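All remarks here apply to the structure that follows.
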Protein chains: 2
Amino acid sequence: MAFYSSGVEYGIHSLMYMVDSKGDARDMSVREIADLQSVPYDYLAKIFTRLSKAGLVRSTEGKGGGYQLARPAEQITVLDVVNAIDGAKSVFACREIRQRVVIFDEQPPKWACEGLCGVRAVMDSAQQRMEESLAQHTILDLTRKMYRKAPPTFVVEVQEWIDARKA
Amino acid sequence: MAFYSSGVEYGIHSLMYMVDSKGDARDMSVREIADLQSVPYDYLAKIFTRLSKAGLVRSTEGKGGGYQLARPAEQITVLDVVNAIDGAKSVFACREIRQRVVIFDEQPPKWACEGLCGVRAVMDSAQQRMEESLAQHTILDLTRKMYRKAPPTFVVEVQEWIDARKA
DNA sequence: GGAAATCTACTCGGATACCGCGTGTCCGAGTTATGGTGG
DNA sequence: CCACCATAACTCGGACACGCGGTATCCGAGTAGATTTCC
């Protein structure tokens, strides 16, 4: 299975649509975002509460409310989104096998318990590299890249869809 | 959940015990390795068939048989073990959400399908960073680090346990 | 016409159902050394 | 003494049971703007 949940994917793509062609924030409701991308609404709603708790988006309640980026899109990294949605999870779950060696039966010595397990240290550092890489890409980067790839008509079509929706 | 399976952990720790204090390969049976580390035997057996298929260990069948590193421990990286056991799996499962935008209904245009999804590209490159990091650590490194941390008596105790076991 | 009640469209949070996959176990088959047995 | 056979200790491979967590759905509660109703 994949490490990052599908929620992460939904989250990132959603945030990408919450910034317009000029890079400014755009106010949208969860239902709009879900319908726009043909994504399950209830599920996406849960994801946005997490994004909100993490401070990546701001919510306004009541009718006409919705979500909005809490800070500029160039200050929201992919790592931020990942952490917000999936939480701090580890690529590797160390089971302290080093302590289970049959030689020290029932009572592993201190040297086998203190510090980080060597295997785990390697894994942790690898994960850190990955996260550093994720931290180098922002939502704005992704949005720009998407709009650059699409024909110019796409930007306005999205905007029109949203406007028609509000009415 | 963790990305790398517990099998990976078992595998790496097992390989570490298959090289002696001088760094030379040591012949061991799965049962020995499992008992030494108090790890489920049947499960570990499956892991070793994978290591074997990947060419990391060599097997000798029949009584007195067992496994042995197929190449020097300094030429087996953590990434090798991970790939052998968990196979080539991806941190991120792209669901092509970009194609699901409601604007192009039922028939996403070509530009939305060709090339890599932007989000996926970011994830893939991040994973690559992680794997590069894993490829920089070898089994020999890990073994050395373990023996360096343990008191000198530990090395001989392990050897004695193995020898007593053979008799 | 203004205040109050109703309606509608949101954000929240909990409970739950489904199901795939990791983890672990069991069993049978094939292989090779070892030890015992009979001629 | 030697050929033969049973046994034990391995590696393989498939099948399966169990449980957890990701995915998704449903529902109720709270909030706030828009609309209607009623005096």
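Predicted model only: the values in this text are computed from it and were never measured. Lettering follows sequence order; numbering is per chain, from 1. All values below were derived from every heavy atom in this structure, side-chain atoms included, with hydrogens, water molecules and symmetry-related copies excluded.
Distance, B:Y67 OH to D:dA9 P: 18 Å, rounded to whole Å. Computed from coordinates, the B:K166 NZ to C:dA33 P distance equals 14 Å when rounded to whole Å. Regarding B:R31, its CZ atom lies at a distance of 13 Å from the C1' atom of C:dC26, rounded to whole Å. The nearest whole Å value for the distance from the CG atom in A:D27 to the P atom in C:dC10 is 11 Å. Following rounding to the nearest Å, B:M28 (CE) and D:dT11 (C1') show an atom-to-atom distance of 16 Å. Atom P of nucleotide D:dG22 and atom CD1 of A:I85 are separated by 13 Å, given to the nearest angstrom.
Residues B:V101 and A:Y17 are in side-chain contact: their nearest non-hydrogen atoms beyond the backbone lie under 4.5 Å apart. Here the side chains of B:R98 and B:E96 are in contact, with some heavy-atom distance below 4.5 Å.
Residues passing the side chain to side chain donor-acceptor pair (under 3.5 Å) test with B:Q159, sequence neighbours excluded: B:R26, B:D163. Checked against side chain to side chain contact (heavy atoms under 4.5 Å, CB included), A:K53 has no partners two or more places apart in sequence or in another chain. Annotation: side chain to side chain donor-acceptor pair (under 3.5 Å) contacts of B:S59 (sequence neighbours excluded): none. For the side chain to side chain donor-acceptor pair (under 3.5 Å) test, no residue two or more places apart in sequence or in another chain qualifies with B:N83. In this structure B:F48 satisfies the ring-ring contact (aromatic ring centres under 6.0 Å, His included) test together with B:Y67, sequence neighbours excluded. Scanning for side chain to side chain donor-acceptor pair (under 3.5 Å) contacts around A:T143 gives an empty result, with sequence neighbours left out. For the side chain to side chain contact (heavy atoms under 4.5 Å, CB included) test, residues two or more places apart in sequence or in another chain that qualify with B:D24 are B:D20, B:K22.
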**Item:** Verdict with supporting geometry, A:I97 and B:M16, side-chain contact (heavy atoms from CB on, under 4.5 Å)
**Value:** CA-CA 12 Å; A:I97 291 189; B:M16 286 168 63; over 6 Å; no
**Request:** Evaluate the side-chain contact (heavy atoms from CB on, under 4.5 Å) criterion for residues B:F3 and A:M130: first the C-alpha distance (whole Å), next the side-chain angles of each, then the deciding distance (0.1 Å), finally the verdict.
**Result:** CA-CA 13 Å; B:F3 181 55; A:M130 177 167 68; over 6 Å; no
**Request:** Tell me, with the steps shown, if A:E132 and B:R129 meet side-chain contact (heavy atoms from CB on, under 4.5 Å).
**Result:** CA-CA 9 Å; A:E132 283 167 10; B:R129 296 290 177 85; over 6 Å; no
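Nucleic acid contact for B:F3: none, since no nucleic acid atom lies under 4.0 Å from a heavy atom of the residue.
Residues A:W161 and B:F104 share a single hydrophobic cluster, defined by chaining ILVMFWY side chains whose heavy atoms lie under 4.5 Å apart.
Contact between the side-chain N/O atoms of A:Y10 and the OP1/OP2 oxygens of D:dG22 is not found at any separation under 4.0 Å. Within the 4.0 Å cut-off from OP1 or OP2 of C:dT23, at least one side-chain nitrogen or oxygen of B:S5 is found.
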Enumerate, atom names and distances included, each donor-acceptor pair closer than 3.5 Å involving a side-chain atom of residues 119-128 of chain A, sequence neighbours excluded.
unit_1	atom_1	unit_2	atom_2	d
A:R120	NE	A:D124	OD2	3.4
A:Q127	OE1	A:V91	N	2.9
A:Q127	NE2	A:K89	O	2.9
A:Q127	NE2	A:E131	OE2	3.1

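Taken residue by residue, residues 88-99 of chain B places heavy atoms nearer than 4.0 Å to DNA chain D at B:R95. Only A:Y41, A:K46, A:K53, A:S59, listed by number, bring a heavy atom of residues 36-59 of chain A to less than 4.0 angstrom from any atom of DNA chain C.
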Under 3.5 Å, which N/O atoms of the protein pair with N/O atoms of nucleotides 17-20 of chain D?
none

Expected rows: protein N/O vs nucleotides 31-37 of chain D N/O, under 3.5 Å:
unit_1	atom_1	unit_2	atom_2	d
D:dT31	O4'	A:E61	OE1	3.1

